[in-house]
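Worksheet: the structure to be examined is printed underneath.
For the numbers below, each heavy atom of this structure counts, side chains included, while hydrogens, waters and symmetry mates do not. Atoms within each ligand, like the ligands themselves, are counted from 1 in listed order. Residues: numbered from 1 along the sequence shown.
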Amino acid sequence: MNGLFIRKARIQDVKQIHALLMSCARKEFLLPRSYNQLYSHLRDFFVLAEHDAPGVRGCCALSICWEDIAEIRSLAVDEDIQKQGWGGKLVEACLSDAVTLGIFRVFTLTYRPHFFERLGFAPVEKEQLPQKVWADCIHCPKFPECDENALIMEM
Ligand SMILES: CC(C)(COP(=O)(O)OP(=O)(O)OC[C@H]1O[C@@H](n2cnc3c(N)ncnc32)[C@H](O)[C@@H]1OP(=O)(O)O)[C@@H](O)C(=O)NCCC(=O)NCCS
């Protein structure tokens with residue numbers, strides 16, 4: 001396998017990001033994202049790419065919610081390269097992007113709370129997150145019975 005590295009997403013990555021997220025969504029690990037959402041929010045995304053090879057092996061997005069808070073979402077890594085630290089590095093790329101943007105609070109809604117706790121996130125009551133956070137939730141098939149865990153990182 002060629003070397004892997006993290007970079008900002010490009011328009012040519014969208015179909016593979018979509019396929020990766022759909023395969024995780026089918027297993028109910030995360031919510032699917034439509035092509036429309038991916039094209040309009042492409043600048044939120046980092047991808048895990050291979051040197052000298054096309055293709056996306058992982059992705060993660062930082063979505064700005066409000067004046068002082070952003071969300072980590074759409075985190076996925078190809079199954080055959082999991083547990084090598086790439087998921088953590090994708091999250092770190094998003095956290096670093098948040099700091100560059102002047103945002104020091106980043107939360108996530110996840111079924112993998114321990115993964116995020118290991119990275120320094122702490123559990124938070126969903127009610128403590130700003131109301132704007134829930135704008136997308138009405139599109140979730142599980143709404144209003146959300147069973148995801150909310151975690152936040154204060155930097
Ligand atoms: C969640 C997900 C992105 C993690 O990706 P990953 O590349 O495996 O992430 P990491 O390698 O950084 O960490 C995964 C685990 O491997 C461990 N690990 C990391 N490097 C390791 C190594 N070299 N050797 C052994 N274990 C290692 C980590 O400690 C971590 O353990 P934890 O989950 O108990 O905290 C991946 O499992 C995935 O795509 N899942 C499906 C989609 C999903 O659930 N997304 C999250 C929704 S918010």
Side-chain angles (χ1 to χ4, degrees), residues 1-9 13-35 37-38 41-51 53 55-66 69-99 103 105-130 132-155:
M1 188 195 301
N2 292 304
L4 294 167
F5 68 106
I6 291 172
R7 62 163 168 77
K8 289 294 283 182
D13 299 325
V14 166
K15 288 194 173 123
Q16 285 183 320
I17 294 173
H18 184 264
L20 180 57
L21 294 177
M22 281 307 291
S23 77
C24 292
R26 274 191 285 273
K27 295 170 200 152
E28 297 200 356
F29 292 146
L30 44 70
L31 298 180
R33 307 280 305 259
S34 67
Y35 279 117
Q37 288 172 322
L38 291 178
H41 296 282
L42 185 63
R43 278 176 287 196
D44 290 352
F45 275 83
F46 286 88
V47 294
L48 181 58
E50 276 182 77
H51 283 292
V56 163
R57 308 283 266 133
C59 63
C60 190
L62 180 82
S63 168
I64 298 173
C65 288
W66 207 241
I69 193 162
E71 177 182 8
I72 299 243
R73 52 191 300 186
S74 301
L75 169 65
V77 171
D78 269 347
E79 266 177 32
D80 64 321
I81 54 164
Q82 287 180 6
K83 295 192 182 291
Q84 295 175 26
W86 290 112
K89 288 193 173 73
L90 281 162
V91 172
E92 280 162 14
C94 287
L95 293 175
S96 159
D97 199 27
V99 171
I103 299 168
R105 296 170 74 214
V106 177
F107 76 96
T108 192
L109 296 167
T110 181
Y111 296 114
R112 293 285 303 268
H114 302 300
F115 169 82
F116 281 96
E117 281 179 73
R118 186 178 54 77
L119 294 173
F121 285 72
V124 65
E125 292 299 323
K126 289 177 191 160
E127 293 71 23
Q128 287 181 31
L129 299 173
K132 166 76 169 54
V133 166
W134 310 113
D136 271 354
C137 293
I138 52 167
H139 304 299
C140 175
K142 295 191 175 175
F143 182 80
E145 306 295 330
C146 177
D147 56 355
E148 290 185 306
N149 301 274
L151 292 100
I152 196 162
M153 162 89 86
E154 312 259 2
M155 293 180 284

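When side chains are defined from C-beta on, D78 does not count as touching W86, because their heavy atoms never get closer than 4.5 Å. The side-chain heavy atoms of R7 and V47, taken from C-beta on, include a pair separated by under 4.5 Å.
Under the rule for a ring-ring contact (aromatic ring centres under 6.0 Å, His included), F115 has no partner lying at least two apart in sequence or in another chain. By the salt bridge (charged side-chain N to carboxylate O under 4.0 Å, His left out) test, R112 pairs with no residue at all, sequence neighbours left out. Residues passing the ring-ring contact (aromatic ring centres under 6.0 Å, His included) test with Y111, sequence neighbours excluded: none.
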What are the distances between nitrogen or oxygen atoms of ligand 1 and protein nitrogen or oxygen atoms, counting only those under 3.5 Å?
{"residue": "ligand 1", "atom": "7 (O)", "partner": "G87", "partner atom": "N", "Å": "2.9"}
{"residue": "ligand 1", "atom": "8 (O)", "partner": "K83", "partner atom": "N", "Å": "2.7"}
{"residue": "ligand 1", "atom": "9 (O)", "partner": "G87", "partner atom": "N", "Å": "3.4"}
{"residue": "ligand 1", "atom": "11 (O)", "partner": "K83", "partner atom": "N", "Å": "3.4"}
{"residue": "ligand 1", "atom": "11 (O)", "partner": "Q84", "partner atom": "N", "Å": "3.2"}
{"residue": "ligand 1", "atom": "11 (O)", "partner": "G85", "partner atom": "N", "Å": "2.6"}
{"residue": "ligand 1", "atom": "12 (O)", "partner": "G88", "partner atom": "N", "Å": "2.9"}
{"residue": "ligand 1", "atom": "13 (O)", "partner": "R118", "partner atom": "NH2", "Å": "3.2"}
{"residue": "ligand 1", "atom": "20 (N)", "partner": "G85", "partner atom": "N", "Å": "3.4"}
{"residue": "ligand 1", "atom": "29 (O)", "partner": "R118", "partner atom": "NE", "Å": "3.1"}
{"residue": "ligand 1", "atom": "33 (O)", "partner": "R112", "partner atom": "NH2", "Å": "2.9"}
{"residue": "ligand 1", "atom": "35 (O)", "partner": "R118", "partner atom": "NE", "Å": "2.8"}
{"residue": "ligand 1", "atom": "37 (O)", "partner": "Q82", "partner atom": "OE1", "Å": "3.3"}
{"residue": "ligand 1", "atom": "37 (O)", "partner": "R112", "partner atom": "NH1", "Å": "3.0"}
{"residue": "ligand 1", "atom": "39 (O)", "partner": "V77", "partner atom": "N", "Å": "2.8"}
{"residue": "ligand 1", "atom": "39 (O)", "partner": "V77", "partner atom": "O", "Å": "3.4"}
{"residue": "ligand 1", "atom": "39 (O)", "partner": "Q82", "partner atom": "NE2", "Å": "3.4"}
{"residue": "ligand 1", "atom": "45 (N)", "partner": "L75", "partner atom": "O", "Å": "2.8"}

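If you take SG on C60 and CG on D44, they are separated by 10.0 Å, rounding to the nearest 0.5 Å.
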